[in-house]
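Source: prediction; values computed, not measured. Below, each value reflects all heavy atoms present in this structure, side chains not excepted, and no hydrogens, waters or symmetry copies.
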Amino acid sequence: MTDHHFDEIERQLLRELQTDARQSNVALAKKVGLTEGAVRRRIDKLLKTGKFRVVAVGDPELLGLQTHAVIGLKIELTKIEQLSEELAQMRELSYVYETTGQFDIIIVGFFASNDRMREFLTHKLAPLAGIVDIDTFLVMRTVKRSFRWGERVAPTDPTDPMP
């Protein structure tokens with residue numbers, strides 16, 4: 001059975017790479033208390049097993065994507081999985097979530113303009129079979145955008161689920 005959880009060294013490596021993914025294995029080794037070779041092997045294993053990926057993330061606005069929308073979808077229950085897969089293939093969407101509550105699926109998209117978003121909604125989304133209702137939320141201002149997951153809020157908090 002494969003362990004899908006991060007051990008403490010893997011967590012430290014992830015935190016360090018989230019801070020600066022360009023730092024050397026030598027620098028990482030000093031920070032986590034391993035040899036450069038051990039760090040290299042750990043990172044290679046983490047990448048091969050899919051525990052994490054190293055990617056460059058551009059600012060959507062600087063990439064010309066001025067319109068950011070969160071879209072809630074109410075779906076016929078028998079179509080949720082099929083629609084989730086179809087939506088996941090759409091390049092305009094960055095996130096596709098199956099959810100509980102008011103919406104069955106929530107999607108997040110970035111568009112060059114309001115007009116491009118309108119075209120997406122009317123020409124790509126609306127024709128999909130199984131969508132009962134669409135509710136679109138335009139993001140007025142992004143206050144925080146973080147890709148730092150897996151960090152403790154307070155390391156001494158006994159209710160913290162992070163080991």
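- For the pair Val32 and Ile9, the tightest heavy-atom approach, listed with the atom from each and the gap, is O-CD1, 3.7 Å.
- Atoms CD and CG, from Glu10 and Leu14 in turn, are 9.5 Å apart once rounded to the nearest 0.5 Å.
- The two residues Lys79 and Gly130 come nearest to each other via the heavy atoms CG-CA, 3.9 Å.
- Side-chain atoms of Leu93 and Tyr95, non-hydrogen and from C-beta on, never get closer than 4.5 Å to each other.
- Under the 4.5 Å side-chain criterion, counting only non-hydrogen atoms from C-beta, Leu121 is in contact with Ile71.
- For Gln82, the CD atom is densely surrounded, since the number of other residues' heavy atoms within 6.0 Å is greater than 12.
- In this model, no donor atom of one side chain and acceptor atom of the other lie less than 3.5 Å apart for Gln102 and Lys74.
- The existence of a salt bridge linking Arg42 and Glu36 is excluded, since no basic side-chain nitrogen approaches an acidic carboxylate oxygen closer than 4.0 Å.
- Crowding of Lys30 atom NZ: a count of heavy atoms from other residues, nucleotides or ligands under 6.0 Å not exceeding 12.
- Closest approach of Ala69 and Leu138 over heavy atoms only: CB-CD2, 4.3 Å.
- Every residue meeting the ring pair (Phe, Tyr, Trp, His ring centres under 6.0 Å) condition with Phe110, not counting sequence neighbours, appears here in chain and number order: His68.
- Between Tyr97 and Ile107 there is no side-chain heavy-atom pair separated by less than 4.5 Å.
- Ion pairing between Arg41 and Asp44 fails under the 4.0 Å rule for side-chain N and carboxylate O.
- A salt bridge is absent between Lys124 and Glu119; no separation between the charged side-chain nitrogens and carboxylate oxygens falls under 4.0 Å.
- Taking CG from Asn25 and CD1 from Ile43, the interatomic distance works out to 4.5 Å, rounded to the nearest 0.5 Å.
- Scored by the side chain to side chain contact (heavy atoms under 4.5 Å, CB included) test, Leu62 finds Asp59 as partners (sequence neighbours excluded).
- Within the 4.5 Å cutoff, the side chain of Leu46 has heavy atoms near those of the Phe52 side chain.
- Counting heavy atoms of neighbouring residues, nucleotides and ligands inside a 6.0 Å radius, atom NZ of Lys45 does not exceed 12 of them.
- Using a 4.5 Å cut-off on side-chain heavy atoms (C-beta onward), Pro60 and Arg145 make contact.
- Of all non-hydrogen atoms in Thr67 and Met117, the two that sit nearest each other are CG2-SD, 4.0 Å.
- The two residues Val39 and Leu13 come nearest to each other via the heavy atoms CG1-CD2, 4.0 Å.
- Counting heavy atoms from C-beta outward, Glu81 and Glu98 have side chains that approach closer than 4.5 Å.
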